[in-house]
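In what follows, a structure is listed as structure tokens, so that the remarks can point back to it.
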Amino acid sequence: MARYEQVQGTVALITLTNPPVNALSAAVRLGITETVTRALRDPEVKSMVICGENGVFCGGADIREFAKPMSGPPLVPMIAAIEEGEKPVVAAIEGAAFGGGLELALGCHYRIAHSKARVGLPEVTLGLLPAAGGTQRLPRLIGLAPALDLITTGRHVTAQEALKLGIVDQVTDQSALDLAIQFAQQVVGQPLLPRKLSTRQTPCPPDVDGLLEETMAQVKQRARGAMAPIACVQAVRAAATLPYQAGMQKEQELMATLFHSSQARAMQYCFFAQRAVGRWSLSSGAHSGNSKPRPVSKVAVIGLGTMGRGITVALVKAGMSVLAVETNKKQLEIGKQMVSAMLKHDAQKRNATPRLDLLHFTIDLLELKNTDLIIEAVFEDMALKKQVFKELSSVCKADAFLCTNTSGLDVDELAAVTKRPELVVGMHFFAPAHVMKLLEVVHGSRSSPEAVATAMHLGKRLGKVSVLVGNCAGFVGNRMLKPYLEQANFLLEEGATPELVDGALEEFGFPMGVFKMSDLSGLDVGWRIRKEAGLTGPNVDPRDPPRRRQGRRYSPLPDLVCEQGRLGQKNGRGWYLYDKPGGRVATPDPSIHKFLEEYRIKHGISPRQIDRQEVVERCLFALINEGFRSLDDGIAAGPEDIDMIYVFGYGWPRHRGGPMFYAGMVGLPRVLTRLEHYRQAHPEVPHLEPSPLLRRLVASGSPPINKWRDFLQRPHSQL
Ligand SMILES: C[C@H](O)[C@H](C)C(=O)SCCNC(=O)CCNC(=O)[C@H](O)C(C)(C)COP(=O)([O-])OP(=O)([O-])OC[C@H]1O[C@@H](n2cnc3c(N)ncnc32)[C@H](O)[C@@H]1OP(=O)([O-])[O-]
């Protein structure tokens, strides 16, 4: 849909009308085609302006149409008609111009943007490439290198940067539309050919091949198996090496290799899943549509350890006033210096001023009396957290929300020591908390809809992807991670090496394999949790043999490694060797291999050949199976919630969609069969027993993922 008006006598104003983001659906493309034709034919019309309704220029092609057969006028000739026309066309960009939306603007002869507008070609984040001329026109407009950057990263660009790059001609704080209409009148009669980007040569550096090879190498490393970024480089290469039409041909050919790919489907699923998890609901019938968050202006963070510092920085970056609390002056001073340094470093990177004025430090809990919301981030010990919650419950104002950053302790147990259990929720951040996008908001059995709404909304204000989960040990993310970690240790026992396991998982697309990840987060963290759980150390049941705990198989390998003083990166020795304490480069450690051989001999285990497929199946199918259990017992609301938790919190490759989407891609019958196979081979490992939900779905013909909620024991939100 496109509205046609004639303004200022001679300017045809074409307005895209397809709320909320004026996506280029078939109807909008038809509307544009008809209105442009009309304007070109109307002798009274001397120039045109294209804009979008509701302060948004255009969010690009309509992603919802990708799964349907193509209908309506195609984009490429529609945009070519605008560029080739003999009347100047000005794009008035307000809000967003992304993907096909920016490509439409690049087909126009001039671009005027509002100072708050953002532009970009994010197709690569959908597993695609800009296929309406973006890979050919953008390089011709701004040069090869900046075009490669924008197209292979898909990053959003502010109006100011777009002006500097030359994407837009003018930026205004006033109405971009009004300025565009004036401009359209002024440029009538000026030579149009030089404004037709398809006619230009691409400005290139002397060593074009060098730049393209270097970019391809960087992109391949970053891609971790994703196809689209590589196709983007190949398409932009054509803009430097081929005439326009041949380049467009190349663009279409490459797009054809991506459009129907499973990777594109996975990444588009993530696009909509990321938006779906924001629409939460509770079994009480409360949901994001009928539960209003309470305004929060003053926040406090209790504990300035690694997590507390990251959370404080995230809050200040979001412009919130923060009271940072520590137990003693020494700890407070250390926290103060580190938080201030983190804020200054971050501000420097963004060329901004650090908002240290928003930050206050204290050791006096009484200063919390006017705080709206408190986030507790003290050491992961239930007794200590209970003591803190008891104190907070007495010093804070009656309606203050008490939130805990625990990564898996019982939120209800904490709420029970307060006088306001309905105002207690979990806000589980991921390290580093000012960087990682995921926030697990944990709904306790007595948390009020208002507390949930406020925590979810605060997450959005911090730029997080907030996912609402139920209360159980490890919530969703860490609960599913447990069988994944256990399988990895079992594979070492049976003959694998840390490098083999990590290699298979990195080939799958994870930025880091499980053993490198453990070394990064510190082996002593898991060791302390296993000690508290009585799996190792003084509280072990003396009747339990070394490789059995609580009636099931257990691998003491990680404990034995810690007992050797191997704590990971922090002391330079873990499952790998590092050049120095805190070093980042992991090198295979022959003494770990020797230790594993001795361990197998000691326990009478004959090592066997293990291939990468078995690693992927055992680690990921065990994790997925626990995902199905989390769905069935009401801790995760839907597959999208699990997938967004893993994509934004655990490095699950976006081009694989997330654990549950991946299970659907592999085929639920195969996941079930393989789990049954491994269960048979390892009867002493209960978490390999296929989840009842998985069996129900397979028995019902493996319905598509958007139908899985219908098979949950309590379909309508079970939180
Ligand atoms: C040929 C061409 O080369 C190729 C092939 C392409 O062009 S491929 C397409 C490339 N374009 C993109 O990648 C941009 C995608 N969109 C965004 O980045 C953002 O939406 C936004 C523009 C920055 C606005 O953010 P927002 O925070 O204000 O709102 P929202 O919550 O995100 O979105 C509001 C609602 O609009 C829906 N929506 C947004 N963009 C859409 C799109 N392009 N198609 C269909 N629906 C879209 C979204 O699902 C949500 O729906 P619901 O959840 O309410 O039901």
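Whatever order the structure lists them in is the order used to number ligands and atoms, beginning at 1.
For atom 37 (C) of ligand 1, the nearest protein heavy atom is 4.0 Å or more away. Proximity of atom 30 (P) of ligand 1 to the protein is indicated by at least one non-hydrogen atom lying closer than 4.0 angstrom. Within a 4.0 Å radius of atom 8 (S) of ligand 1, the protein contributes one or more non-hydrogen atoms. Note that atom 26 (P) of ligand 1 has no protein non-hydrogen atoms nearby, at separations under 4.0 angstrom. Within 4.0 Å of atom 53 (O) of ligand 1, at least one protein heavy atom is present.
Considering Arg118, His156, Arg155 in turn, Arg155 is the only one that fulfils the side chain to side chain donor-acceptor pair (under 3.5 Å) rule with Glu161. Checked options Leu138, Thr215, Leu211; the residue passing with Leu144 is Leu211 (criterion: side-chain contact (heavy atoms from CB on, under 4.5 Å)).
Close N/O approach between Leu126 and ligand 1 is not found [any backbone or side-chain N/O within under 3.5 Å]. Considering backbone and side-chain N/O atoms, Leu75 never comes within less than 3.5 Å of an N/O atom of ligand 1. In terms of polar-atom proximity, defined here as any N/O pair under 3.5 Å, Thr125 makes no such contact with ligand 1. Checked against a 3.5 angstrom limit, the closest N/O atoms of Ala23 and ligand 1 fall outside it. In terms of N/O distances under 3.5 Å, ligand 1 is approached by Gly100. At least one N or O atom of Arg64 sits closer than 3.5 Å to an N or O atom of ligand 1.
Contact annotation: Gly134 has no heavy atom less than 4.0 Å from any atom of ligand 1. Heavy-atom distances between Arg279 and ligand 1 reach below 4.0 Å in at least one pair.
For Phe508 and Tyr662, the gap between ring centers is short of 6.0 Å. Taking the six-membered ring for Trp and the full ring otherwise, Tyr650 and Phe430 have centroids separated by under 6.0 Å.
Atom numbering of ligand 1 starts at 1 in the shown order; those under 4.0 Å from a heavy atom of Pro130 are 3 (O). Of all atoms in ligand 1, listed by their number and element, those nearer than 4.0 Å to a heavy atom of Ile63 are 42 (C), 43 (N), 44 (N), 45 (C). Ligand 1 places these atoms under 4.0 Å from at least one heavy atom of Gly99: 7 (O), 10 (C). Taking every non-hydrogen atom of Gly60 and a distance limit under 4.0 Å, the qualifying atoms of ligand 1 come out as 7 (O). Of all the atoms in ligand 1, the ones that sit under 4.0 Å from a non-hydrogen atom of Ala131 are 3 (O).
Residue Asp62 touches ligand 1 through backbone and side chain together, judged by heavy-atom distances below 4.0 Å. Residue Pro20 touches ligand 1 through its side chain alone, judged by heavy-atom distances below 4.0 Å. Of the heavy atoms in Leu24, none comes closer than 4.0 Å to ligand 1. Residue contacts with ligand 1 for Leu121 are absent, since no atom lies close enough (heavy atoms, distance under 4.0 Å).
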| request: For salt bridge (charged side-chain N to carboxylate O under 4.0 Å, His left out), just list the numbers for Asp169 and Arg195, CA-CA rounded to whole Å, side-chain angles, deciding distance to a tenth of an Å, and then say yes or no. | output: CA-CA 11 Å; Asp169 302 290; Arg195 304 298 306 182; 2.9 Å; yes

| said: Set out, in order, the CA-CA distance, both residues' side-chain angles and the distance that settles salt bridge (charged side-chain N to carboxylate O under 4.0 Å, His left out) for Glu83 and Arg200, then state yes or no. | reply: CA-CA 13 Å; Glu83 186 187 69; Arg200 294 190 185 182; over 6 Å; no

| message | Could you walk me through whether Asn22 and Thr17 satisfy the side chain to side chain donor-acceptor pair (under 3.5 Å) test, starting with their C-alpha distance in whole Å, then the side-chain angles of each, then the deciding distance to 0.1 Å, before giving a yes or no? | response | CA-CA 6 Å; Asn22 300 320; Thr17 58; over 6 Å; no

| said: side chain to side chain donor-acceptor pair (under 3.5 Å), that's the test. Do Glu253 and Gln249 meet it? Break it down for me. | reply: CA-CA 6 Å; Glu253 285 164 12; Gln249 181 61 32; 3.3 Å; yes

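Distance OG1/Thr15 to CZ/Arg3: 4.5 Å, rounded to 0.5 Å. Rounded to the nearest 0.5 Å, atoms CD (Glu94) and CG (Asn54) are 10.5 Å apart. Note: Phe429 CZ to His434 NE2 = 12.5 Å, rounded to the nearest 0.5 Å.
Between the choices Met255, Arg118, Gln268, Arg275, the shortest heavy-atom distance to atom 32 (O) of ligand 1 belongs to Arg275. Residue nearest to atom 3 (O) of ligand 1, selected from Glu65, Glu103, Met267: Glu103 (by heavy-atom distance). When Phe272, Phe271, Phe98 are ranked by how near their heavy atoms come to atom 15 (C) of ligand 1, first place goes to Phe271.
Using a distance-only test at 3.5 Å, with no hydrogens or angles considered, a donor-acceptor pair links the side chain of Asp643 to the main chain of Phe661.
The number of heavy-atom neighbours closer than 6.0 Å to NZ of Lys250, taken from other residues, nucleotides and ligands shown, is 12 or below. Heavy atoms from other residues, nucleotides or ligands lying under 6.0 Å from CD of Gln201 number 12 at most.
Ring orientation note: the planes of Phe628 and Trp708 are tilted relative to one another, at an angle of 30° to 60°.
Annotation: side chain to side chain contact (heavy atoms under 4.5 Å, CB included) contacts of Ala39 (sequence neighbours excluded): Tyr4, Ala12, Val45, Met48.
Considering only non-hydrogen protein atoms, atom 14 (C) of ligand 1 sits nearest to Gly59 O, 3.3 Å. Regarding atom 43 (N) of ligand 1, its nearest protein heavy-atom neighbour is Ala61 O, 2.9 Å. Remark: minimum distance from atom 41 (C) of ligand 1 to any protein heavy atom is reached at Val21 CG2, 3.7 Å.
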